[in-house]
Amino acid sequence: MLGVCMSDEVKSYDIMVCRHSLSHVLACAVRRVCPNVKLGIGPPIDEGFYYDFLVPEGSSFTPEILEKIEKEMTQIIKGKHDYIARPISPKEAREIFKDEPFKIQLIDELEEKQNAVVGTYQTENFIDLCNGPHVSNTKDLQKVAWKIDRVSGAYWKGHEKNPMMQRIYVLAFSTKDELKSFIQRREEAAKRDHRKLGPELELFTFSDLIGKGMPILLPKGATIRRLLERLVVDEELKRGYQHVYTPVLGKKTLYEISGHWEHYKDGMYPLMHLSENDEIVLRPMTCPHHFMIYKDTPKSYRDLPLRIAEISPQFRKELSGELCGLTRVMLFTLADAHIFCAPEQLEDEFKRVLELISFLMKRLGIDSLVSYRASLKDDQKKDKYVDNPEMWKTGESILLGILEKLQLPYTKGLGDAAFYGPKLDIQMTNVYGKEETVFTVQIDFALPGRFNLLYIDKDGKEKCPVVVHRSSIGCLERTIAFLVEFYAGAFPLWLSPVQAKVIAITENQIEYAKEIAELLNSKMIRVETDLRSETLNKKIREGRLQRVPYLVVVGEKEKEARSVTVRNRETGEQRTLSLEQFIERISKENADYSLKLEI
RNA sequence: GCUAACGUAGCUCAAUGGCAGAGCAGCUGAUUUGUAAUCAGCAGGUUGUGGGUUCAACUCCCACCGUUAGCUCCA
């Protein structure tokens with residue numbers, strides 16, 4: 001219908017209109033199949049659309065009902081009904097939607113905004129509150145490939161206090177191929193999902209008895225964590241950080257002073273009453289502890305910047321529905337630090353932090369995947385933040401100023417600030433496209449004052465330092481989850497829990513294989529052996545499923561020549577080289593943090 | 001936390017109120033293999049937990065635990 005040179009924008013506009021129009025068809029069908037539901041809203045989204053319904057208590061959209069709804073939708077589309085736009089007065093709208101409490105609420109809101117007319121669209125005998133745009137007739141929807149996807153709950157208008165509605169998600173694309181490929185991509189993504197790969201590759205597990213949201217790192221997952229920890233500690237030491245160990249507990253008072261108790265109580269585990277007047281709590285953040293280190297001795301401007309770092313467990317009480325594999329847990333390990341500096345040092349310190357993070361991201365091979373978000377305060381939600389407008393203004397303008405200077409492309413996240421200050425969040429998306437914060441750098445003008453942190457400046461006057469709260473390599477559990485998903489379990493050599501697996505073809509090479517493994521192990525190469533009397537093919541297959549970078553096959557030839565035949569995980573190519581050569585090359589590749597297999 | 005769905009052997013899945021099963025993994029034996037699954041045998045279960053209904057419950061009901069999708073929240 002449109003020209004052959006349809007631009008992507010036109011195309012996407014087109015499909016968004018179809019999605020929107022289809023949502024009316026869905027609502028109409030639901031109304032026919034389940035007359036008792038109340039209608040919410042039904043906007044188009046990236047992969048289709050949804051519509052919210054309030055269903056009578058005790059009933060739900062079962063697979064059978066959804067099937068009926070789907071058939072009904074097909075019938076409605078076939079009926080070739082026109083979409084008729086009809087702007088009406090609020091009064092008339094109230095009459096038409098008198099049995100639809102949610103629509104009435106929307107009409108009220110429109111009227112409050114002084115809209116004299118309310119948009120409606122009628123399709124056959126179904127009328128919905130809507131400004132369009134829509135296709136002109138349901139026959140235009142016949143070409144659209146759509147499918148009811150899933151049902152979930154959603155609060156009316158997204159507010160926790162509002163009633164919980166049932167949301168029906170429908171996938172809708174311009175062509176069958178697009179729909180098919182979307183579903184296929186989602187299935188492929190599920191295979192890389194760290195929650196599936198993690199246990200499969202024996203990286204981590206959970207135990208009902210230990211508790212939800214408390215991940216257990218198995219030896220292979222622990223290996224990855226240890227590698228990340230060593231890397232980050234070394235790089236921080238090189239950059240002037242000092243590492244400390246502080247208790248995972250603290251008195252309630254500590255968090256009352258910091259403001260956590262006021263602003264973050266819901267995210268904290270319940271208090272432990274040791275005795276009267278002695279209440280302690282598991283820490284949700286390390287900042288107050290590090291502040292105590294600052295306060296331990298008087299500080300001069302000469303001591304600044306003071307960079308205190310710690311890889312530290314954090315305890316955050318989450319609602320059960322918010323937990324997700326390793327990315328959202330109730331006990332996690334943060335590569336944390338607090339940089340105490342003079343205001344004039346802030347910009348430089350901020351940049352140094354970004355340099356460190358960017359260095360680490362390159363090591364991990366994820367530097368091109370991240371996006372930057374300036375997380376600012378939302379003025380509408382005053383009680384979420386420390387009340388100090390002046391300080392917020394300064395903090396936010398400094399943050400944005402630095403970002404502009406560095407020419408980092410960023411988005412603004414209104415309401416995403418920490419309670420004590422604005423932050424730069426470095427975001428990554430998971431396999432399903434959901435965005436999460438992996439690293440964060442925060443500017444804090446508030447907490448130092450609350451703890452009365454001071455330093456004596458050159459002029460002999462007492463001044464209050466600024467604090468940069470930052471994670472370098474983020475929360476280790478979450479970072480590992482992203483790495484698992486990004487690499488689909490096939491980590492670069494330096495991060496692989498098992499770097500080489502020695503496979504003996506027959507039992508005649510068992511001794512030689514063991515010797516190789518011992519040698520590699522003595523050179524700090526992580527190695528396993530497969531000496532079973534299985535076929536070579538089977539041992540290769542299992543080695544591949546484990547994503548071992550190098551499978552080292554030794555048969556009679558290799559044993560005679562004291563050589564190895566190395567199979568490269570990426571290329572599948574085999575290369576025979578002397579044992580010494582192999583050890584030299586794999587050791588070098590490991591030491592170089594190479595992101596690519598080089599043998 | 002809320003709404004909904006789900007929970008059977010280590011894993012993937014059967015068994016729709018009437019004797020809990022298969023493949024892979026595991027163990028034992030045979031086999032001694034040249035780059036993605038050798039063959040045979042054995043073993044493996046209080047069907048997430050606890051109640052209830054029933055002559056009989058994996059199956060129906062209730063509560064709890066956990067998982068998943070989303071909402072809310074968030075590193």
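The sequence lines fix the lettering, A, B, ..., with proteins before strands; numbering per chain opens at 1. These figures come from a predicted structure and were not determined experimentally.
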Below 4.0 angstrom from OP1 or OP2 of [N], is there any side-chain N or O of [X]?
X	N	value
A/S320	B/G1	yes
A/K384	B/C74	yes
A/R150	B/G70	yes

Taking only heavy atoms on the protein side, list every residue of [range] lying under 4.0 Å from any atom of RNA chain B, sorted numerically.
range	answer
residues 473-481 of chain A	A/C475, A/R478
residues 533-544 of chain A	A/S533, A/E534, A/T535, A/L536, A/N537, A/K538, A/I540, A/R541, A/R544
residues 415-430 of chain A	A/K423

Between A/Y420 and A/Q442, is there a side-chain donor-acceptor contact under 3.5 Å, judged purely by atom types and distance?
yes
Going by atom types alone, do A/E70 and A/W146 pair a side-chain donor with an acceptor below 3.5 Å?
no
Taking [M] as the reference, what is the distance to [N] when you measure between their [atom1] atoms (whole Å, please)?
N	M	atom1	value
B/U31	B/G23	C1'	22 Å
B/G21	B/A9	C1'	11 Å
B/U59	B/G50	P	13 Å

Quick one: the side chain of A/E318 and the base of B/G1, do they pair up donor-acceptor inside 3.5 Å?
no
Test for a donor-acceptor pair under 3.5 Å between the base of B/G70 and the side chain of A/Y155, counting only N and O atoms.
no
Check every atom of [options] against the side chain of [X] and return the nucleotide holding the closest atom.
X	options	answer
A/E507	B/C71, B/A75, B/U32	B/U32
A/T565	B/G34, B/A5, B/U67	B/G34
A/R195	B/A69, B/G34, B/U72	B/A69
A/L319	B/U32, B/G1, B/A69	B/G1
A/R316	B/A75, B/A69, B/C71	B/A75
A/R532	B/G26, B/G70, B/A75	B/G26
A/I505	B/C71, B/C74, B/G34	B/G34

List in chain and number order the residues that pass side-chain contact (heavy atoms from CB on, under 4.5 Å) with A/R569, two or more places apart in sequence or in another chain; answer none if no residue qualifies.
A/A490, A/S496, A/R547, A/P549, A/L597
Taking [atom1] from [X] and [atom2] from [N], how many angstroms apart are they, rounded to a whole number?
X	N	atom1	atom2	answer
A/M330	B/C74	CE	P	17 Å
A/K434	B/G70	NZ	P	7 Å
A/E556	B/U32	CD	P	15 Å

Quick one: side chains of residues 318-325 of chain A, donor-acceptor pairs under 3.5 Å with protein atoms, not counting sequence neighbours, listed by atom name and distance.
residue : atom : partner : partner atom : Å
A/E318  : OE1  : A/R328  : NH2          : 2.8
A/E322  : OE1  : A/L319  : N            : 3.0

Looking at [X] and [Y], does any basic side-chain N land under 4.0 Å from a carboxylate oxygen?
X	Y	value
A/R186	A/D149	yes
A/E349	A/R307	yes
A/E534	A/K539	no
A/E396	A/K423	no
A/R31	A/E100	yes
A/E310	A/R283	yes
A/E515	A/K559	no

Residue A/E355 excluded, over 12 heavy atoms near CD under 6.0 Å
yes
Between A/T479 (side chain) and A/L476 (backbone), is there a donor-acceptor pair under 3.5 Å?
no
For the residue pair A/H263 and A/F419, does the interplanar ring angle fall in the parallel (under 30°), tilted (30 to 60°) or perpendicular (over 60°) class?
parallel
Name all stems that contain residues of RNA chain B, defined as runs of 3 or more consecutive Watson-Crick or G-U wobble pairs, both distances under 3.5 Å.
B:1-7 with B:65-71, B:10-13 with B:21-24, B:26-30 with B:38-42, B:48-52 with B:60-64
Of A/D208 and A/M165, the one whose nearest nucleotide on RNA chain B sits closer to the 5' end is A/M165
Heavy atoms of A/E47 and A/F173 approach each other most closely as O-CE1, 3.6 Å
